[in-house]
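Take a look at the structure set out below.
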Amino acid sequence: MTSTAPETQRGQDAGDPLGEQPTSWQRRLRRFGHVPRPETPLRDRLDPPYTRPGRQVWSVLAVPPHVADRLVRWSGWGGPLLVTLVAGLLRFWRLDQPKAVIFDETYYAKDAWALVNQGYEGSWPKDVDKLILKDPSSVPIPTDPGYVVHPPVGKWIIGFGEQLFGFTPFGWRFMVAVLGTISVLLLCRIGRRLFRSTFLGCLAGLLLAVDGLHFVMSRTALLDLIVMFFVLAAFGCLVVDRDRSRRRLADALSVDEEGVLRPDARIAETLRLGWRPWRLGAGVMLGLAFATKWNGLYVLAAFGLMTVLWDVGARRTAGAARPYMAVLRRDLTPAFLSTVPVAIVTYIVSWTGWIVTDKGYYRNWAATEGKGSSWGWLPDWLRSLWHYENQVYDFHVGLTSGHTYESNPWSWLVLGRPVSYFYEEQTGCKESSTGKCAAEVLAIGTPLLWWLACFALAYVVWRWLFRRDWRAGAIACGVAAGWVPWFFYQERTIFLFYAVVFVPFLCLAVTMLLGAIVGPAAGTGARADLGLTSKDPTGERRRTLGAIAAGVLVLLIIWNFIYFWPLFTGTSIPEDLWRDRMWLDTWV
């Protein structure tokens with residue numbers, strides 16, 4: 001029910017699908033923990049079944065078998081929806097607090113309001129935030145174009161909430177909270193499909209629900225959580241596409257006289273996998289991520305490579321002698337056309353509001369400063385947009401001005417320097433020994449979750465390299481796509497909250513580690529993988545101890561989230577208690 005091991009026992013994409021002797025490099029890897037794949041039905045390797053709770057669980061709870069079967073069927077959606085409900089209640093509770101324009105909301109809330117009302121961002125006067133909070137109806141939308149350095153999708157989304165609930169803190173935070181809540185549901189379902197376990201899927205979603213950085217970003221009108229949502233949605237589309245394409249391969253293979261599915265090199269190398277709408281959906285989602293912030297472009301490249309390698313693994317498992325050549329002939333071009341051009345078209349379409357008006361910043365550049373260019377045969381709007389993008393790129397790579405809360409990506413996983421979005425000190429606080437109370441919104445991950453994630457990432461990399469586990473590779477890819485690109489901009493001003501893009505993958509990594517700690521259910525054939533001995537032939541004792549250890553870790557993470565709740569929500573607390581929560585000097 002809770003183990004990540006059975007998937008390994010069913011076999012991964014690496015290795016020889018025909019059951020021949022392991023190669024020399026596989027034998028050398030055994031010293032590091034590599035376990036050769038046991039004999040497993042080919043269909044299970046291509047399309048692994050979902051795990052089901054054992055009968056012992058239901059008997060302990062005194063649940064009749066027919067009721068248990070119905071609960072199992074419902075749990076695939078019921079469990080994720082329940083976790084999502086909890087996440088939503090947390091994120092929408094007092095969403096309008098603090099009633100202030102916090103951190104970079106001063107840019108995106110106003111740009112979004114101008115965008116949804118006139119199709120382009122305006123140049124807002126300074127010190128207008130207080131007037132907006134006091135009476136937004138008295139603040140006119142500026143008609144002069146404003147120079148903005150991020151694409152429009154995220155601001156369109158924020159603006160939709162403002163259209164529904166007004167130009168207020170609740171209005172500009174509403175849609176971000178909606179996406180933050182839905183992302184928990186997405187992760188539950190993705191984790192369930194990834195691990196073939198409803199329990200582990202819900203655990204991954206629960207961890208995301210109680211992560212402080214994801215929580216704070218879900219309650220703040222910034223763009224990074226919107227990027228995270230589209231990245232996670234794209235990942236989910238690709239995982240579904242992987243399952244469907246492998247199932248199609250399995251259905252095309254022949255069954256021998258004994259009813260056993262057999263690999264077939266001809267079918268594996270020549271079968272066309274046909275229409276793949278989920279991969280096309282991933283292209284749209286990645287385009288929307290790129291059209292929110294440009295770091296989505298790196299994710300597009302990483303996920304594009306990942307899905308092609310998944311096709312290689314599928315054809316190899318089905319029996320292809322030259323899987324890379326088969327993918328090159330059959331899958332590479334459709335994969336490219338389903339992602340890259342689709343993402344680019346999505347990106348351009350996102351600029352429609354700027355294109356159809358003549359007042360946007362640089363909108364008329366092609367007809368003025370750019371007149372007489374050798375590219376004059378292109379439409380003016382396209383040349384103006386290209387010039388605008390070049391200017392924005394120069395801005396981003398040249399952004400080196402210092403900031404109090406900037407941090408190096410090396411320190412992100414250990415939460416070296418979080419960002420204070422809001423801080424207010426109150427005097428006359430009788431509960432405090434200093435006579436002061438503090439209210440702060442601190443963009444920081446739940447510490448125990450993130451510090452455990454450091455070990456989980458090491459486990460994931462090990463499992464990918466030495467156990468050839470595709471799920472571990474997918475999780476590592478998600479983290480790397482959101483994290484590694486920032487190392488190339490060491491001189492640029494960057495912040496910890498950019499890491500929210502890969503927080504869901506950290507939660508998947510921790511879930512995988514916790515599943516390994518719990519261990520496999522009896523009868524999964526995973527004793528050698530987990531080091532069980534003959535003294536515990538069924539593994540129940542080891543599994544019980546593992547479940548206790550994993551449960552304690554999860555409870556500690558939840559407690560840690562509750563402990564830091566005042567810093568996530570801007571709740572006023574005595575200064576003494578505020579300082580107790582400053583575990584590291586760099587958090588102040």
Side-chain angles (χ1 to χ4, degrees), residues 1-4 50-95 174-219 225 228-229 232-233 235-236 239-240 446 448-449 503-515 518 521 547 550-562 565 568-569:
M1 174 178 165
T2 60
S3 172
T4 61
Y50 286 82
T51 58
R52 295 173 60 90
R55 291 294 181 186
Q56 291 181 343
V57 175
W58 303 116
S59 61
V60 169
L61 297 176
V63 177
H66 68 281
V67 176
D69 291 339
R70 185 173 300 175
L71 289 175
V72 169
R73 288 197 302 271
W74 289 352
S75 65
W77 276 103
L81 287 173
L82 181 61
V83 175
T84 304
L85 176 63
V86 173
L89 292 174
L90 293 174
R91 279 150 180 76
F92 279 95
W93 183 81
R94 299 186 66 190
L95 182 60
F174 175 79
M175 283 304 299
V176 184
V178 169
L179 296 188
T181 302
I182 297 176
S183 66
V184 173
L185 176 62
L186 286 179
L187 191 64
C188 287
R189 293 290 297 178
I190 290 169
R192 178 179 183 271
R193 185 174 289 270
L194 204 66
F195 301 122
R196 289 300 196 261
S197 166
T198 299
F199 179 84
L200 287 180
C202 291
L203 177 58
L206 177 64
L207 294 176
L208 187 64
V210 298
D211 173 63
L213 184 61
H214 185 274
F215 177 79
V216 171
M217 297 298 288
S218 297
R219 294 167 54 89
L225 184 124
M228 180 280 305
F229 175 83
L232 183 61
F235 181 77
V239 171
V240 175
T446 302
L448 293 186
L449 173 60
V503 165
F505 301 96
L506 294 182
C507 294
L508 288 173
V510 172
T511 300
M512 191 171 217
L513 176 63
L514 293 175
V518 173
V552 168
L553 288 172
V554 173
L555 290 176
L556 285 174
I557 290 171
I558 295 174
W559 164 83
N560 202 211
F561 174 77
I562 296 171
W565 173 268
F568 298 148
T569 58

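Position 1 is the first residue of the sequence, and the numbers go up from there.
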Paired with L208, the side chain to side chain contact (heavy atoms under 4.5 Å, CB included) test is passed by just one of L203, V83, L506, L187, namely L187
S218 and G180 have their tightest heavy-atom pair at OG-CA, 3.5 Å
Taking every heavy atom of C188 against every heavy atom of P80, the minimum-distance pair comes out as CB-CB, 3.5 Å
Query - Side-chain (R91) to main-chain (V86) donor-acceptor, under 3.5 angstrom - result: no
Sequence neighbours excluded, the answer for side chain to side chain contact (heavy atoms under 4.5 Å, CB included) partners of V239 is R193, L194, F235, W310
Correct closest heavy-atom pair for S75 and T198 would be O-CG2, 3.3 Å
Does W559 CH2 have over 12 foreign heavy atoms under 6.0 Å away? yes
In short, side-chain hydrogen bond (donor to acceptor under 3.5 Å, both in side chains) pairs touching residues 175-186 with sequence neighbours left out are S183-H214
Rounded to the nearest 0.5 angstrom, the SG-CG distance for C507 and L514 is 10.5 Å
Quick note, side-chain hydrogen bond (donor to acceptor under 3.5 Å, both in side chains) partners involving residues 80-89, not counting sequence neighbours, are none
Taken in chain and number order and not counting sequence neighbours, the residues that satisfy side chain to side chain contact (heavy atoms under 4.5 Å, CB included) with W565 are L90, W93, F215, F561, T569, T571
With sequence neighbours left out, the residues meeting ring pair (Phe, Tyr, Trp, His ring centres under 6.0 Å) with W77 are none
So CG of L213 and CG of L225: to nearest 0.5 Å the spacing works out to 9.0 Å
With sequence neighbours left out, the residues meeting side chain to side chain contact (heavy atoms under 4.5 Å, CB included) with I182 are V178, L186, F229
Rounded to the nearest 0.5 Å, the OG1 atom of T511 sits from the CG atom of L200 at a distance of 7.0 Å
Exercise. Begin with the C-alpha distance, continue with both residues' side-chain angles, and end with the deciding distance and a verdict on side-chain contact (heavy atoms from CB on, under 4.5 Å) for F92 and R219.
Key: CA-CA 8 Å; F92 279 95; R219 294 167 54 89; over 6 Å; no
ask   = Is the backbone N or O of N560 less than 3.5 Å from a side-chain atom of T446, with the two atoms forming a donor-acceptor pair by type?
value = no
Just wondering, do L508 and P504 contact through their side chains at under 4.5 Å, heavy atoms? no
Heavy-atom nearest pair, A177 first then L95, reads CB-CD2, 4.0 Å
Can you check whether R196's main-chain N or O pairs, donor with acceptor, with T51's side chain at less than 3.5 Å?
yes
With sequence neighbours left out, the residues meeting side-chain hydrogen bond (donor to acceptor under 3.5 Å, both in side chains) with R189 are none
With sequence neighbours left out, the residues meeting side chain to side chain contact (heavy atoms under 4.5 Å, CB included) with L556 are L448, V552
